[in-house]
Amino acid sequence: MGSLIDLNLYPDSPLTDAAATAFLTLNVPKLEPKEEPFDEPPNFHTNFTNPNFDSAPNTQPDASKPVEQDVNGNDVYSEFNRISELFNAAFSGKTEKYDETEAIDPDSRAIVPVPEEEIQHSAVVDSSRRRNHQRSGELVRVTNLGLEDERYFRHVVRKTRMIYDSLRVFVSMEDEKRRNNHHVFGRNRNARGDLKSASVMKDRGLWLNRDKRIVGAIPGVYVGDIFFFRMEICVVGMHGLPQAGIDYLTSSQSSNGDPIATSIIVSGGYEDDQDAGDVIIYTGQGGQDKYSRQADHQRLEGGNLAMERSMHYGIEVRVVRGFRYEGSPSGKVYVYDGLYKVVGSWLETGKSGFGVIKFKLVRMENQPEMGSVVLKYAENLRNGPLESRPGGYVCMDMSMKKEKMPVFLFNDIDNNHEPMFYEYLPTSKVVFALERNGGEFAYDQNGLLVRGKPLIFECGPHCSCPPNCRNRVSQNGIKNRFEVFRSKETGWGVRSLDLIQAGSFICEYTGVILTREQAQLFSINGDNLIYPNRFGERWAEWGDLSQIFSDYVRPSSPSVPPLDFALDVSRMRNVACYLSHSSCPNVLVQLVLYDHSNFAFPHLMMFAMENIPPMRELSLDYGEADEWTGKLSICN
DNA sequence: GCAACATCAACTAT
DNA sequence: CATAGTTGATGTTG
């Protein structure tokens with residue numbers, strides 16, 4: 001029997017039927033590792049602080065600098081953009097006269113020679129690899145990131161995800177137009193925007209972490225981050241394969257010839273999987289027919305062998321879990337749950353009677369709570385708040401039924417009930433007449449904001465369109481269950497019990513509108529005035545496809561005069577008032593008109609800039625941080 | 001229910 | 001021996 005076990009440890013010695021039959025009569029046999037071929041894992045580059053760009057900041061945090069700038073005062077995106085330009089040039093037919101000896105000057109946009117001493121540090125991978133679109137085989141573990149680096153990578157990941165999401169929406173809207181204009185036989189199906197978006201970004205060199213094989217955490221991706229598409233995970237460099245569940249460094253790329261698994265996706269696609277959270281029994285890949293039925297024995301090769309080798313060397317593996325999830329555009333969500341170690345592997349008879357390879361994975365210590373656990377917890381809170389969390393509720397609906405969904409008020413820290421002292425104001429008061437919408441749809445079929453604009457017109461009370469008209473989104477009120485909660489870090493904060501997809505409407509920022517003159521009378525007590533003209537223009541970031549289309553121009557119409565009013569929230573306010581400030585916010589403000597046509601007093605509507613997991617604090621860029629004392633800057 | 005889809009590792013041909 | 005081209009495996013999505 002022992003020889004059978006060894007026989008199956010090599011990729012070129014697949015399990016024969018006879019061997020498998022004999023083998024499977026054993027009780028959960030242990031797979032012995034290869035005869036200790038190496039004591040050491042393949043070569044690693046450790047303490048590698050910046051896997052993307054050699055010249056990115058790697059310094060101690062400096063709280064005095066705005067996050068948008070690096071230590072040299074440069075725009076943090078400039079390097080990102082520079083690399084993108086290089087890739088763009090490389091993929092647009094200019095490859096022949098374009099190599100690492102040239103670069104695009106970030107200021108003049110002209111092609112300039114790269115100084116000799118910088119060439120060998122170029123972040124651009126070698127030309128043959130670039131041409132073949134292939135990933136590098138360099139094994140890297142990212143450690144000891146400073147706060148500044150963390151923020152930098154978060155920005156890059158966030159920006160990349162925004163491009164992916166808005167391009168995906170853009171592609172499906174174009175496809176919808178096309179199908180409406182030309183009735184094509186047999187092509188009524190929606191385009192795969194998820195695939196197309198990723199593909200275009202790949203051609204533009206916008207996928208992250210292609211030049212390294214990262215073992216362990218991906219910089220800028222947090223435990224609990226949520227993805228709606230497999231391709232989205234590929235684009236940020238978490239998992240390089242659009243379908244396969246095990247991503248790995250191949251033996252031919254490994255310095256010692258052993259393949260190494262870097263990441264798995266547990267999607268429940270294998271009947272023999274068992275998932276207990278901290279401990280996963282993961283089924284290897286292979287042996288399924290085209291209907292995803294287990295129809296053959298699995299072999300210890302490819303990703304399966306890589307998992308076994310990762311176990312042998314004690315190398316950590318990223319775990320993403322896939323769930324069915326109502327409300328997701330794809331019907332599923334993928335949650336990054338952190339790092340696990342493979343602690344065991346064996347062969348056993350699966351439910352369908354074929355040999356399957358099992359891996360036991362155990363979650364590593366000292367990591368943030370699992371995203372999938374938080375998802376489950378939030379679901380319990382939605383179904384029975386008091387059962388799941390008996391203590392701490394101040395009020396089960398501080399809007400007093402003025403919102404369509406309850407707004408919970410939660411405080412388990414102190415006895416502060418302050419939000420109850422204000423009248424709840426679901427929408428800012430307006431008294432003018434209606435303006436019609438102009439031109440293209442502002443929202444897609446699912447009510448997602450396509451791209452930010454200076455001002456959006458929704459249909460209003462005088463339109464003859466039905467109430468479920470696609471052009472009525474923000475006026476229909478909140479769709480999520482929010483909770484105002486007391487926090488030691490940020491005072492009051494807001495979080496959602498629901499998963500919020502990027503581009504979704506969150507809520508209006510309400511208050512009593514004061515003109516400049518009125519506000520000046522009020523300014524003795526300035527704490528309770530909000531100045532919307534100070535809000536960061538984050539709407540411009542949403543749907544910014546300038547890195548995809550060279551002729552992309554930032555929307556400039558309709559032109560809106562600078563906002564010249566203040567919101568008085570001293571007596572009446574809504575849930576929005578409790579949002580914390582961040583220079584790396586997950587919520588943006590989009591100006592919207594629907595019930596009147598006065599450009600001077602638009603509604604301040606808030607939309608999600610990211611996929612926001614349940615229980616994660618919402619944050620908004622209030623502009624100058626000094627103006628909003630008491631609110632700390634957070635970045636997650 | 002099922003076709004279309006993207007990527008890559010591994011293979012074959014040049 | 002190196003590189004260019006092909007194929008099979010993988011599972012998701014509408």
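Naming convention: chains lettered A, B, ... in sequence-line order (proteins, then strands); numbering from 1 in each chain.
- Side-chain atoms of A:Ser504 and A:Gln501 form no donor-acceptor pair, as typed in the model, at a separation below 3.5 Å.
- The salt bridge (charged side-chain N to carboxylate O under 4.0 Å, His left out) search around A:Arg321 returns A:Asp275, A:Asp337, not counting sequence neighbours.
- At a threshold of 4.0 angstrom between heavy atoms, the contacts of A:Gly331 with the nucleic acid are absent.
- A:Leu305 places its CG atom 13 Å from the C1' atom of B:dA9, with the value rounded to the nearest Å.
- Closest to the A:Arg192 side chain, of the nucleotides B:dA4, B:dA6, B:dT7, is B:dA4.
- The shortest distance between the side-chain N/O atoms of A:Lys202 and the OP1/OP2 oxygens of B:dC8 is below 4.0 Å.
- The residue A:Lys332 sits close only to the backbone: its heavy atoms come under 4.0 Å of sugar-phosphate atoms, none of a base.
- Straight-line distance from the CD1 atom of A:Ile265 to the C1' atom of C:dT10: 12 Å, rounded to whole Å.
- Note on A:Arg324: every side-chain N or O is 4.0 Å or more away from OP1 and OP2 of C:dT12.
- Mapped onto DNA chain C by nearest heavy atom, A:Arg168 and A:Gly286 fall at different nucleotides, with A:Gly286 at the one closer to the 5' end.
- Atom-to-atom, CG of A:Asp289 to P of C:dG8 comes out at 17 Å; the value is rounded to the nearest Å.
- Residues from residues 228-241 of chain A that place a heavy atom under 4.0 Å from any atom of DNA chain B, listed by number: A:Met231, A:Gly240, A:Leu241.
- Nearest nucleotide to the A:Leu195 side chain, out of C:dT12, C:dT13, B:dC5: B:dC5.
- Using a 4.5 Å heavy-atom threshold, the side chains of A:Thr283 and A:Ile357 count as separate.
- Side-chain N/O atoms of A:Gln285 include none lying less than 4.0 angstrom from OP1 or OP2 on C:dA9.
- A ring pair (Phe, Tyr, Trp, His ring centres under 6.0 Å) check over residues 233-258 of chain A, counting only residues at least two apart or in different chains, returns nothing.
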side-chain hydrogen bond (donor to acceptor under 3.5 Å, both in side chains) assessment of A:Arg213 paired with A:Gln253: CA-CA 10 Å; A:Arg213 296 292 187 119; A:Gln253 291 171 309; 3.2 Å; yes
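- Rounded to an integer number of Å, the gap from CD1 of A:Ile246 to P of C:dT12 is 13 Å.
- Residue contacts shown for A:Ser292 are absent, as no nucleic acid heavy atom lies under 4.0 Å away.
- Contact of the A:Val320 side chain with the A:Val266 side chain is not registered, since no non-hydrogen atoms from C-beta on lie closer than 4.5 Å.
- With 3.5 Å as the limit, one finds a donor-acceptor pair spanning the side chains of A:Tyr313 and A:Asp258.
- The side-chain contact (heavy atoms from CB on, under 4.5 Å) test applied to A:Ala608 returns A:Ile500, A:Ile506, A:Ile612, not counting sequence neighbours.
- Of the listed nucleotides (B:dT7, B:dC2, C:dG14), B:dC2 has the atom at the smallest distance from the side chain of A:Tyr291.
- Heavy-atom nearest nucleotides on DNA chain C were determined for A:Gln288 and for A:Gly193, and the one closer to the 5' end corresponds to A:Gln288.
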Can you pull every protein N or O that's under 3.5 Å from an N or O on nucleotides 10-14 of chain B?
none

Pairs of donor and acceptor atoms involving the side chains of residues 229-236 of chain A, under 3.5 Å and at least two apart or interchain, shall be tabulated with distances.
{"residue": "A:Arg230", "atom": "NE", "partner": "A:Pro242", "partner atom": "O", "Å": "3.4"}
{"residue": "A:Arg230", "atom": "NH1", "partner": "A:Gln243", "partner atom": "O", "Å": "3.2"}
{"residue": "A:Arg230", "atom": "NH2", "partner": "A:Leu241", "partner atom": "O", "Å": "3.3"}
{"residue": "A:Arg230", "atom": "NH2", "partner": "A:Gln243", "partner atom": "O", "Å": "2.7"}
{"residue": "A:Arg230", "atom": "NH2", "partner": "A:Ala244", "partner atom": "O", "Å": "2.7"}
{"residue": "A:Glu232", "atom": "OE1", "partner": "A:Phe228", "partner atom": "N", "Å": "2.8"}
{"residue": "A:Glu232", "atom": "OE1", "partner": "A:Phe229", "partner atom": "N", "Å": "3.3"}
{"residue": "A:Glu232", "atom": "OE2", "partner": "A:Arg161", "partner atom": "NH1", "Å": "2.9"}
{"residue": "A:Glu232", "atom": "OE2", "partner": "A:Asn611", "partner atom": "ND2", "Å": "3.3"}

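- To the nearest angstrom, C1' of C:dT13 lies 19 Å from CZ of A:Phe323.
- Rounding to whole angstrom units, CG of residue A:Leu249 and P of B:dA9 are separated by 9 Å.
- Whole-Å rounding puts the A:Ile264 CD1 to C:dG11 P distance at 12 Å.
- Across all strands, A:Arg213 comes closer than 4.0 Å only to sugar-phosphate atoms, never to a base (heavy-atom distances).
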Ring pair (Phe, Tyr, Trp, His ring centres under 6.0 Å) between A:Phe549 and A:Phe170, intermediate numbers included: CA-CA 12 Å; A:Phe549 306 111; A:Phe170 177 85; 5.3 Å; yes
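- When the P atom of B:dA4 is taken as reference, atom NZ of A:Lys290 falls 13 Å away, rounded to whole Å.
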